[in-house]
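These notes are about the structure you will find just below.
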Amino acid sequence: MTAQRLDGKAISKQIQAETKTKVAEFVSQSGRAPVLAAVLVGDDPASQVYVRNKERACKRVGIESRLIRMSGESSTEDLLAKVNELNNAPEVSGILVQLPLPDQCDSRTILDAINPNKDVDAFHPHNVGLISQGRPRFLPCTPHGIVQMLRRYDIETTGKHVCVIGRSDIVGKPMAMMLGQRDSGLGPEMANATVTLCHSRTANLAEITKQADILIAAIGRPNFVTPDMIKPGATVVDVGINRTDDGLVGDVDFDAAMEVASYVTPVPGGVGPLTVAMLLENTLMAALQGQ
Ligand code: NDP
């Protein structure tokens, strides 16, 4: 059996085209463009690439991006002052602080200081709380992108067993939360799953993952998911981005997974482009809500 490759790049383009139309409507009604302010601290090469990609994507859809570069020596107080300034800038629709921050910065304190109405990454406890109650203000970008991709390939989650490996606040936990609800924000057919959330202390991991109709790997370990962990015919979503000597690889052994599963997302070109697309969508929503 050879699975179908889920083309995140193509879906991302489709979503960005839709966002571009909605941004143009916003501009013609309000006379201004939505503004995304990105705070980049230090010179971590991966973060520079991520921020550059987000800037380019903003430009493509008509969102104004503002890059605020801060020294790698910045303190928590320096960042709090910057976040406060952006919170109070009426023209700024959305704020993102690119992670990871240098060790001397208290990430939690800084993210908590972002005005929840401008929190386009949906990391603020207010926004996480709203998601957990099934009434999101913003959906977190990576999980939202995954649900959008599944929906656009007609892969419904209702009644399915979804196994998420990884319980980070950014990917695994919100993913599990969204899919286990009555409505993820994208309709009941894209929620109502029976979700198992696995992590590094999970016993008999392969036995659990093998039962999943949809397996989502967000671990950060190259080629961790091997064919013996996949139920034949399952959908496999690979969130991992791992830099190795062979280039970027995911958390799933892609070639081997293609022989067992029905659908597999590649790395690169799978979940990554969708994360950026959903960030643009959230920025537009923030601008609309701020009117
Ligand atoms: P974290 O490091 O925050 O979390 C990793 C999770 O994987 C933890 O919950 C950890 O368990 C679990 N884990 C680690 N080892 C094992 C193991 N042997 N068995 C089972 N579970 C394990 O990572 P993130 O969620 O931030 O990111 C995960 C991956 O996704 C990374 O490669 C990252 O680069 C990528 N990523 C990609 C994005 C995209 O847009 N495509 C966006 C965000 C992240 P425990 O909690 O017990 O430690």
Side-chain angles (χ1 to χ4, degrees), residues 5-13 15-16 38 44-54 56-57 96-101 107-108 111 120-123 128 138-150 162-179 195-212 215-226 228-230 236-244 246-254 264-282:
R5 182 178 169 279
L6 296 177
D7 190 345
K9 220 171 165 178
I11 301 283
S12 174
K13 268 192 183 159
I15 294 172
Q16 288 183 52
D44 174 57
S47 294
Q48 309 250 11
V49 172
Y50 290 140
V51 167
R52 200 178 317 130
N53 287 344
K54 288 169 188 174
R56 285 192 189 133
L96 80 82
V97 175
Q98 184 63 45
L99 299 176
L101 292 173
S107 303
R108 179 146 281 173
L111 295 179
V120 286
D121 270 329
F123 293 161
V128 176
F138 301 113
L139 290 170
C141 301
T142 303
H144 186 189
I146 292 169
V147 182
Q148 285 282 355
M149 174 156 61
L150 295 176
V162 174
C163 176
V164 182
I165 318 178
R167 56 177 163 185
S168 72
D169 290 337
I170 297 175
V171 188
K173 223 186 281 174
M175 183 80 265
M177 219 152 62
M178 280 169 67
L179 292 179
V195 182
T196 312
L197 183 56
C198 298
H199 45 75
S200 67
R201 306 291 179 94
T202 298
N204 305 321
L205 181 66
E207 273 174 36
I208 298 169
T209 59
K210 236 172 11 200
Q211 295 172 33
L215 178 59
I216 302 175
I219 311 161
R221 293 185 179 229
N223 300 321
F224 181 90
V225 175
T226 44
D228 55 304
M229 297 170 75
I230 301 170
V236 180
V237 176
D238 189 353
V239 184
I241 300 177
N242 306 293
R243 278 157 226 286
T244 70
D246 300 330
L248 279 191
V249 299
D251 288 345
V252 176
D253 181 342
F254 179 78
V264 186
T265 65
V267 176
V271 175
L274 289 158
T275 299
V276 179
M278 301 336 294
L279 175 71
L280 304 176
E281 188 65 27
N282 279 354

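The residues of the chain are indexed from 1 along the displayed sequence. As the structure is a prediction and not an experimental result, all values here were calculated from the model. We count ligands from 1, going down the list as the structure has it; atoms in each ligand are counted the same way.
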Could you tell me the residue and atom name of the protein heavy atom closest to atom 5 (C) of ligand 1, and the distance to it rounded to 0.1 Å? Ile219 O, 3.3 Å
Taking atom 18 (N) of ligand 1 as the reference point, the nearest protein heavy atom with its distance: Phe224 CE1, 3.3 Å
Considering heavy atoms of the protein only, find what lies nearest to atom 40 (O) of ligand 1 and give residue, atom and distance to 0.1 Å. Thr275 OG1, 2.7 Å
What I want to check is whether the side chains of Asp246 and Thr244 have a donor and an acceptor closer together than 3.5 Å. no
May I ask you to identify the nearest protein heavy atom to atom 43 (C) of ligand 1, giving residue, atom name and distance to one decimal place in Å? Val171 CG2, 3.7 Å
So, for Val128 and Met177, which heavy atoms are closest and what is the spacing to 0.1 Å? O-CE, 3.9 Å
How close does the nearest protein non-hydrogen atom get to atom 41 (N) of ligand 1, and which residue and atom is it? Val239 O, 3.3 Å
I want to confirm something. Looking only at heavy atoms, which of Ser168, Ser200, Gly145 is nearest to atom 22 (C) of ligand 1? Ser200
Considering only the protein, which heavy-atom contact is closest to atom 8 (C) of ligand 1, and what is its distance? Arg167 N, 3.9 Å
For ligand 1, is any non-hydrogen atom under 4.0 Å from Leu274's backbone (N, CA, C, O), its side chain (CB onward), both, or neither? neither
If the cut-off is 4.0 Å to any non-hydrogen atom of Ile165, which atoms of ligand 1 fall inside it? 20 (C), 21 (N)
Check whether any heavy atom of Thr202 sits under 4.0 Å from an atom of ligand 1. no
For atom 33 (C) of ligand 1, grab the closest protein heavy atom and report residue, atom and distance to one decimal in Å. Ile241 N, 4.1 Å
